[in-house]
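Below: one structure, written as structure tokens.
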Amino acid sequence: MSKKKKISTARFVNAKITSTISITLVLVLLGLTILILFMGNGLSNYVKENMSFSVMLDNDVSDAEIQRLRKNLDAQPFVKSSRFISKAEAKEQLIKDLGEDPEELLGYNPAQDAIEIYLHSEYANNDSIAVVSQTIKQQSNVRDLLYQQEAIDLINDNLAKVTMILLILAVVLLFISFTLIRNTIRLSVYSKRFIINTMKLVGANGSFIRRPFIRNNILTGIVAGILANGIIFLILLYFSREYAEMQSIISVTDLLIIFAIVILLGIFISTVATYYAVNRYLKMRTENLYYV
């Protein structure tokens, strides 16, 4: 292999590595934004499903009736899980909260038997809770249903705001990513501008000329997507070791969807950027190629 050919090959390899690294870094940024978006939704579901609703029972309810009521509640589609809290257990909690025994002050135990239920996250919104509340109160031996309406409203409002902000951020990053990748690919196509012009002069159509460039950069986009996913996975692995709760917030299915999106974005952006980069030189007059 001649020295000139070796230099040409080395330049091509360096340009390809630089292009792949640039696209990888951009895809990491996009992937992390998508990951945060998924985690925001997962965190909201996690918080909603860990908010308890206290079903207060009548004073004279029997153990058999409690078991029957709990069985009925567990059968409801909106209930994720439940647990029974006796008067004695509730009294112990009051002593911890107040620092003294309320029975000594009042002369009786003010606590009531209750069934604490946890809802599926999709039912923790205002419309569904109204239906849930009505359904539970229709059960026999139920005195009242207690839940933190303000906390639920706050979670839903904040989720809507955060989701909107992240979506706007994702769109902005997508635009920036496309611009950066387009410039990176334009630089790689720049060195082939005379070859493009020659192919055009001998009669090759635009589709024929674009095809090898698009095919080559699709491969680059796939490799960059795989590398970006590896980096995102390592970042997530590090934080999941530091914060074990993250494993409950993001599922394996969500991760697979994110990884697929990152690779598809790598392919899509690379394809579109290559198309426009090659078109730029296809439309350019021969004499102008020396001045770009």
**Prompt:** Where do Arg143 and Leu57 land on the side chain to side chain contact (heavy atoms under 4.5 Å, CB included) test, with the steps shown first?
**Reply:** CA-CA 5 Å; Arg143 175 176 291 186; Leu57 306 180; over 6 Å; no
**Request:** Check side chain to side chain contact (heavy atoms under 4.5 Å, CB included) between Leu37 and all other residues, then give those that pass, not counting sequence neighbours.
**Result:** Thr163, Leu166, Leu167
**Message:** Using the salt bridge (charged side-chain N to carboxylate O under 4.0 Å, His left out) criterion, which residues pair with Arg83? Sequence neighbours excluded.
**Reply:** Glu89, Glu116
**Message:** What's the separation between atom CG in Leu265 and atom CD1 in Ile258, rounded to the nearest 0.5 Å?
**Reply:** 12.0 Å
**Gln67: partners by side chain to side chain contact (heavy atoms under 4.5 Å, CB included), with sequence neighbours left out** = none
**Request:** Flag the pair Thr135 / Phe78 as yes when at least one side-chain heavy-atom distance between them is below 4.5 Å, and no otherwise.
**Result:** yes
**Request:** Show your working on side chain to side chain contact (heavy atoms under 4.5 Å, CB included) between Thr220 and Ile23 and close with a plain yes or no.
**Result:** CA-CA 8 Å; Thr220 301; Ile23 296 173; 3.9 Å; yes
**Request:** Let me know which of Asp63, Val55, Ile66 forms a side chain to side chain contact (heavy atoms under 4.5 Å, CB included) with Phe84.
**Result:** Ile66
**Asked** What are the two closest non-hydrogen atoms of Leu29 and Thr33, and how far apart are they?
**Response** O-OG1, 3.0 Å
**Request:** Starting at CD1 of Ile136, measure out to CD of Gln76 and round the result to the nearest 0.5 Å.
**Result:** 7.5 Å
**Asked** Leu73 and Ile115: side chain to side chain contact (heavy atoms under 4.5 Å, CB included), yes or no, with the steps?
**Response** CA-CA 9 Å; Leu73 290 174; Ile115 298 176; 4.1 Å; yes
**Fill in**
Joining Ile, Leu, Val, Met, Phe, Trp and Tyr whenever any side-chain heavy atoms lie under 4.5 Å apart, the cluster holding Leu256 also takes in Val252
**Prompt:** If Ile, Leu, Val, Met, Phe, Trp and Tyr residues are connected whenever their side-chain heavy atoms lie under 4.5 Å apart, and connections chain through other members, are Leu27 and Leu255 in the same group?
**Reply:** yes
**Request:** Could you name each residue pair satisfying side chain to side chain donor-acceptor pair (under 3.5 Å) that touches residues 257-277, not counting sequence neighbours?
**Result:** Asn217-Thr274
**Request:** Check side-chain hydrogen bond (donor to acceptor under 3.5 Å, both in side chains) between Asp58 and all other residues, then give those that pass, not counting sequence neighbours.
**Result:** none
**Prompt:** side-chain hydrogen bond (donor to acceptor under 3.5 Å, both in side chains) with Ser82: which residues, sequence neighbours excluded?
**Reply:** Arg70, Asp74
**Request:** Could you grab the distance from atom CD1 of Ile85 to atom OG of Ser54, nearest 0.5 Å is fine?
**Result:** 6.0 Å
Less than 3.5 Å apart, which donor and acceptor atoms pair up between the side chains of residues 221-237 and the rest of the protein, not counting sequence neighbours?
unit_1 : atom_1 : unit_2 : atom_2 : d
Asn229 : ND2    : Gly225 : O      : 3.3
Asn229 : ND2    : Phe259 : O      : 3.1

**Qualifying residues under side-chain hydrogen bond (donor to acceptor under 3.5 Å, both in side chains), relative to Thr253, sequence neighbours excluded** = none
**Item:** Side-chain heavy atoms of Val132 within contact of Phe53, under 4.5 Å
**Value:** no
**Message:** Would a single hydrophobic cluster contain both Val272 and Leu219, if residues Ile, Leu, Val, Met, Phe, Trp and Tyr are joined by side-chain heavy-atom contacts under 4.5 Å?
**Reply:** no
**Request:** Scan residues 209-235 for pairs that pass salt bridge (charged side-chain N to carboxylate O under 4.0 Å, His left out), counting only residues two or more places apart or in two chains.
**Result:** none
**Request:** Tell me, please, which residues at least two apart from Val26 pass side chain to side chain contact (heavy atoms under 4.5 Å, CB included).
**Result:** Ser177, Leu180, Ile181
**Request:** Taking all heavy atoms of Met56 and all of Ala114, pick out the closest pair and write down the distance.
**Result:** SD-CB, 4.0 Å
**Request:** Check the hydrophobic clustering (I, L, V, M, F, W, Y; side-chain heavy atoms under 4.5 Å; chains of links allowed) and say if Phe268 and Ile261 are grouped together.
**Result:** yes
**Message:** Going by side-chain hydrogen bond (donor to acceptor under 3.5 Å, both in side chains), name the residues that satisfy it together with Lys137, two or more places apart in sequence or in a different chain.
**Reply:** none
**Prompt:** Taking C-beta and beyond as the side chain, do Leu69 and Val142 meet within less than 4.5 Å on heavy atoms?
**Reply:** yes
**Message:** If only side-chain N and O atoms count, and only distance matters, is there a donor-acceptor pair under 3.5 Å linking Ser62 with Glu65?
**Reply:** yes
**Request:** State yes or no: do Val171 and Ile269 share one hydrophobic cluster built from I, L, V, M, F, W and Y residues joined by side-chain heavy-atom distances below 4.5 Å, directly or via other members?
**Result:** no
**Message:** Let me check something: do Phe38 and Ile165 share a hydrophobic cluster, defined by ILVMFWY side-chain heavy atoms less than 4.5 Å apart, either directly or through other members?
**Reply:** no
**Request:** Could you check Val262 against Val28 for side chain to side chain contact (heavy atoms under 4.5 Å, CB included), going step by step and ending with a plain yes or no?
**Result:** CA-CA 8 Å; Val262 169; Val28 167; over 6 Å; no
